[in-house]
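These notes are about the structure you will find just below.
Scope of the values below: all heavy atoms of this structure, side chains included, with no hydrogens, waters or symmetry mates. Here is how names work: the chains are called A, B, and so on, in the same order as the sequence lines, proteins then strands, and each is numbered from 1.
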Protein chains: 2
Amino acid sequence: MNIGEAARETGLSAKMVRYYESIGLIQPALRTESGYRVYRSEDIHTLRFIRRARGLGFSVEETAGLLALWRDKTRASADVKSFALKHLADLEGKIAELEGMCRTLRHLASHCHGDGRPDCPILDDMASVSAVGKAAPAKLAPTR
Amino acid sequence: MNIGEAARETGLSAKMVRYYESIGLIQPALRTESGYRVYRSEDIHTLRFIRRARGLGFSVEETAGLLALWRDKTRASADVKSFALKHLADLEGKIAELEGMCRTLRHLASHCHGDGRPDCPILDDMASVSAVGKAAPAKLAPTR
DNA sequence: CTTGACCTTCCTACGAGGGGAAGGTTTATC
DNA sequence: GATAAACCTTCCCCTCGTAGGAAGGTCAAG
């Protein structure tokens with residue numbers, strides 16, 4: 001199986017597969033004589049695991065940790081669980097942050113009549129000195 | 001007021017202020033004879049507006065749009081409102097995505113006994129073929 | 001033999017900055 | 001007036017997880 005097929009099979013892109021190899025998340029793939037990467041079903045299995053972990057929001061680095069646990073047949077399930085719960089807490093923190101923004105935005109929007117007139121409490125609030133840091137608790141976290 | 005003071009005053013970093021200038025989000029600052037950037041209270045006002053917008057999760061590009069609306073004294077408040085509501089919908093979409101991950105993780109973790117034994121339903125699930133794409137709806141969205 | 005669909009490596013860009021080097025300026029203290 | 005600390009300047013490279021594309025090699029079908 002070459003990289004394109006492996007990509008279709010796993011829901012990743014060929015680019016991603018090469019990238020994961022380049023950063024050492026997966027072992028270098030076998031190669032044909034002409035240099036094409038070759039994937040066995042066991043490699044596909046690993047790639048699917050990776051895609052699943054990424055889909056659950058684990059970073060690539062965390063995914064490497066999970067892969068190591070997966071391959072370590074003597075791991076304690078408690079280790080996996082704490083890994084998962086730690087990540088869950090991260091996600092919940094992110095959600096809380098986004099919800100703070102949503103609350104503020106909803107509040108501001110609800111006070112804006114939203115017609116053709118120029119006066120707008122949303123802009124007024126954003127421009128007001130007192131509002132600085134109100135809905136931006138502590139740090140300006142990475143958005144996206 | 002030089003850049004360091006302006007940064008402290010607005011809650012941004014000096015790097016960010018230079019960056020915003022470099023990408024054209026703000027006008028090039030005035031300079032002293034020796035080349036130091038100088039900020040007037042009106043510039044500080046703008047920087048605070050930016051910080052507030054970023055704190056509400058608007059991208060820099062969206063912030064540029066908001067700034068333009070802010071400066072346009074003839075804008076319709078409806079434009080601002082729709083801008084805000086669009087962003088709100090984006091945030092809500094992001095939250096829903098994260099919550100999907102959380103739900104799955106909570107479910108998986110609740111089925112893991114979390115003791116010293118190696119068998120772990122979390123890893124089992126992640127490795128199972130059928131689970132592919134289950135909690136990763138459609139695209140693998142950028143995490144962080 | 002040619003065409004098109006693959007594959008390879010390498011380089012660039014994104015967003016939103018952070019870190020730090022090398023060097024100039026300003027301010028406070030002695 | 002000298003010196004040291006604390007500023008400032010530009011410049012370039014790093015992050016993270018990809019995507020896009022150029023230049024060139026390979027493979028299967030017609």
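Salt bridge status for A:R106 with B:E92: present, with a side-chain N to carboxylate O gap under 4.0 Å. Ionic pairing of A:D90 and A:K86 is present here: one or more N-O contacts between side-chain nitrogen and carboxylate oxygen are shorter than 4.0 angstrom.
B:Y20 has a side-chain polar atom (N or O) that falls below the 4.0 Å cut-off from OP1 or OP2 of C:dG17.
Atom P of nucleotide D:dC14 and atom CD1 of A:I23 are separated by 16 Å, given to the nearest angstrom. Atom CZ in B:R54 sits about 5 Å away from atom P in C:dG17, given to the nearest Å. Between B:L25 atom CG and C:dA16 atom P the separation is 10 Å, expressed in whole Å. If you take CD of A:E61 and P of D:dT15, they are 12 Å apart, rounded to a whole angstrom. The nearest whole Å value for the distance from the CD1 atom in A:I26 to the P atom in D:dT18 is 12 Å. When rounded to the nearest whole Å, the span between CD of A:E62 and C1' of D:dG17 equals 14 Å. When the P atom of C:dA16 is taken as reference, atom CD1 of B:I50 falls 12 Å away, rounded to whole Å.
Heavy atoms of A:T32 sit nowhere under 4.0 angstrom from any nucleic acid atom.
Shortest non-hydrogen contact noted between A:I3 and A:R18 is CD1-CG, 3.5 Å.
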Footprint string (nucleotides 4-14 of chain C, 5' to 3'): B base within contact, S backbone only, - free, heavy atoms under 4.0 Å: --BSBB-----
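The aromatic rings of B:W70 and B:F49 lie parallel to each other, with less than 30° between the two planes, well short of the 60° mark.
With sequence neighbours excluded, the residues that form a ring-ring contact (aromatic ring centres under 6.0 Å, His included) with A:H111 are A:H107.
Side chains of B:D119 and A:S77: no donor on one and acceptor on the other come within 3.5 Å.
Listed nucleotides: C:dG17, D:dA19, D:dT18. Nearest to the side chain of A:S13: D:dA19.
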